[in-house]
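Heads up: the structure comes next, in structure tokens.
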Amino acid sequence: MTDHDVAQDPDERRLSTREAADRLGVKPETVYAYVSRGQLTSRREPGGRGSTFDAKEVDALARRGGRREPSGAGGELAVRTGITLIDRDHCYFRGVDTSELAAHHSYEEVAEWLWTGEMRRGIRFTAPHDALTAARRAVDALPAHTGPMDRLQVAVIAAAAADPLRFDLSERAVLDTARTLIPTLVAALPRRTTGRPPAQAGAEEAGAKKAGAGQAAAELGAAGRRAAELGAAEKPAPELGAEDGLLAPRLWSRLTSEPADPPSLRVLDAALVLLIDHDLAASTLAVRVAASARAHPYAIVSAGFGALDGALHGAASGLAHRMLLEVLDRGSAAAVVADHLRAGRRVPGLGHPLYPGEDPRARALFALLEDVPRARPALQAARDVITTTARHKEWRANVDLALAVLTVATGMPAEAGETIFAVARTAGWIAHALEEYDEPPLRMRPSGQYSGPRPPQPLP
């Protein structure tokens with residue numbers, strides 16, 4: 001019996017290689033590539049020469065995005081990487097559960113470990129004076145209404161112009177650039193030192209309305225007083241040049257004027273860790289294409305920002321943020337969900353093609369948000385959204401909804417989630433660039449499928 005004609009046992013639901021390939025829409029050899037990457041498991045039947053596959057596992061891979069091959073294009077674009085594995089409802093960095101990493105290590109520690117394989121406790125990233133000055137001057141010259149993503153894109157270009165050694169692609173030089181670029185990006189964002197943002201005021205008022213005026217007002221008032229006391233008792237977050245400054249407090253002051261308390265900072269730092277990488281997302285693929293052409297680290301981060309700026313990638317948490325504010329304002333998730341569905345829109349913050357269940361990043365952040373008193377109204381609003389949609393759809397929370405709870409609860413603007421995402425993902429992009437620099441150059445060259453008029457055509 002050949003590999004392609006293994007009989008399927010209806011009780012065990014085993015598929016032959018050909019049947020698995022047909023369900024995934026790929027060639028048989030691609031099925032074995034999935035096995036080698038740990039995305040599928042195979043089994044040889046007694047007396048048979050071919051491998052068989054569990055039908056449920058194959059179907060789950062298809063739902064997570066088993067990519068179909070363009071006919072005649074020479075096969076699918078598959079990139080071997082040792083950085084991230086997404087397996088069922090778990091995400092791993094180099095084989096370690098990302099939720100465990102976020103629970104025990106800071107963003108800087110995880111980034112350094114991802115780049116070098118060495119866990120350096122207490123490592124801090126600092127920015128060189130020339131890059132910092134150039135980035136701030138460039139960002140300060142932008143119009144007042146400029147959003148944070150535009151500021152980050154300008155900052156990375158300015159920092160590149162200030163670095164005459166940016167074309168050195170040796171591993172040591174790239175790592176030095178990475179350790180200085182990320183804090184430069186954060187410091188280039190303006191501090192938010194004005195009074196309480198309107199979004200926070202609206203969230204507090206709506207939260208009081210939702211939970212009961214007396215109880216919610218008391219919760220928010222007490223949380224605000226405790227946060228204010230913490231902010232007054234602690235020293236301000238160190239400026240970027242300080243050797244002992246963690247990145248999360250520096251970023252906090254660029255996202256909100258609300259005082260930072262330890263539980264909230266813990267959520268922000270965990271979010272940075274969890275968002276470092278997520279396999280070959282659109283922005284990561286753009287980064288690897290640029291690195292394949294041997295673009296320098298600043299340019300590959302610019303490529304990532306360009307893809308991230310799309311409405312379907314980095315901006316998703318902003319939609320969830322606005323939805324939660326509306327739920328808090330109207331006091332009902334049902335009405336808000338109904339409006340989204342009536343308009344033909346997907347409910348923000350729910351569902352992820354790579355996870356059949358709940359996004360593990362959301363699960364980790366929700367657990368940490370339980371320890372943030374001021375997050376209770378927004379957290380309850382998110383739960384109401386999940387409960388409302390669960391009656392009709394098998395949608396689970398994704399990381400965008402968890403980010404929205406953080407940003408709403410702490411007075412951050414709607415675009416803050418995208419800023420957190422961009423800063424965090426920069427470390428992952430550098431990791432992918434380091435991998436790609438070790439590959440043959442210009443290998444990211446898929447074949448085009450011409451669909452225009454057949455030649456020869458008359459001269460226009």
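Since we're looking at a predicted model, the values are computed, not measured.
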Using ring-ring contact (aromatic ring centres under 6.0 Å, His included) as the criterion, list what pairs up with [X], not counting sequence neighbours.
X: F305; value: W429
X: W395; value: none
X: H278; value: H352, Y355

Got a sec, which residues hit side-chain hydrogen bond (donor to acceptor under 3.5 Å, both in side chains) with [X], two or more places apart in sequence or on another chain?
X: E112; result: R120, R179
X: D163; result: Y298
X: R288; result: H432, E435, E436
X: R322; result: none

What heavy-atom pair brings [X] and [Y] nearest, and what distance separates the two atoms?
X: S317; Y: A404; result: O-CB, 4.1 Å
X: D130; Y: A162; result: O-CB, 3.9 Å
X: A424; Y: Y107; result: O-OH, 3.1 Å
X: P297; Y: L169; result: CD-CD2, 4.0 Å
X: A131; Y: T184; result: O-CG2, 3.9 Å
X: L365; Y: A271; result: CD2-N, 3.7 Å

How far does [atom1] of [X] sit from [atom2] of [Y], to the nearest 0.5 angstrom?
X: H129; Y: L132; atom1: NE2; atom2: CG; result: 7.0 Å
X: I300; Y: I430; atom1: CD1; atom2: CD1; result: 4.5 Å
X: L434; Y: T116; atom1: CG; atom2: OG1; result: 10.0 Å
X: F125; Y: L246; atom1: CZ; atom2: CG; result: 10.5 Å
X: L324; Y: L401; atom1: CG; atom2: CG; result: 5.5 Å
X: D400; Y: M323; atom1: CG; atom2: CE; result: 10.0 Å

Can a donor-acceptor pair be found, under 3.5 Å and without considering hydrogens, that links the side chain of [X] to the backbone of [Y]?
X: E109; Y: G122; value: yes
X: S283; Y: A307; value: no
X: R14; Y: T52; value: yes
X: W252; Y: E258; value: yes
X: D54; Y: E57; value: yes
X: R166; Y: A160; value: yes
X: T256; Y: T410; value: yes

request  = Going by the side-chain contact (heavy atoms from CB on, under 4.5 Å) test, name the single residue among I276, L274, D277 that passes it with T98.
outcome  =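 Only one of I276, L274, D277 forms a side-chain contact (heavy atoms from CB on, under 4.5 Å) with T98, namely L274.
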I'd like a table of donor-acceptor pairs (distance under 3.5 Å, sequence neighbours excluded) in which one partner is a side-chain atom from residues 148-158, with atom names and distances.
unit_1	atom_1	unit_2	atom_2	d
R151	NE	T146	O	3.2
R151	NH2	T146	O	3.4
Q153	NE2	D309	OD2	3.4

task = Answer yes or no: is there a side-chain heavy-atom contact under 4.5 Å between H340 and R346?
result = no
task = Please collect all salt bridge (charged side-chain N to carboxylate O under 4.0 Å, His left out) contacts where either partner lies in residues 289-301, sequence neighbours excluded, each pair once.
result = none
task = Sorted by first residue and then second, give each salt bridge (charged side-chain N to carboxylate O under 4.0 Å, His left out) pair with at least one member in residues 415-425; sequence neighbours left out.
result = none
Exercise: do [X] and [Y] side chains pair donor with acceptor under 3.5 Å:
X: S292; Y: E439; answer: no
X: T84; Y: D279; answer: no
X: R192; Y: S257; answer: no
X: S264; Y: D261; answer: yes

key: With A103 via side chain to side chain contact (heavy atoms under 4.5 Å, CB included) - residues at least two apart   =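 Partners of A103 by the side chain to side chain contact (heavy atoms under 4.5 Å, CB included) criterion come out as none, since no residue qualifies.
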key: Presence of salt bridge, R361 and D359, under 4.0 angstrom   =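 Salt bridge: yes.
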D269: salt bridge (Lys or Arg N to Asp or Glu O under 4.0 Å) partners, not counting sequence neighbours = R266
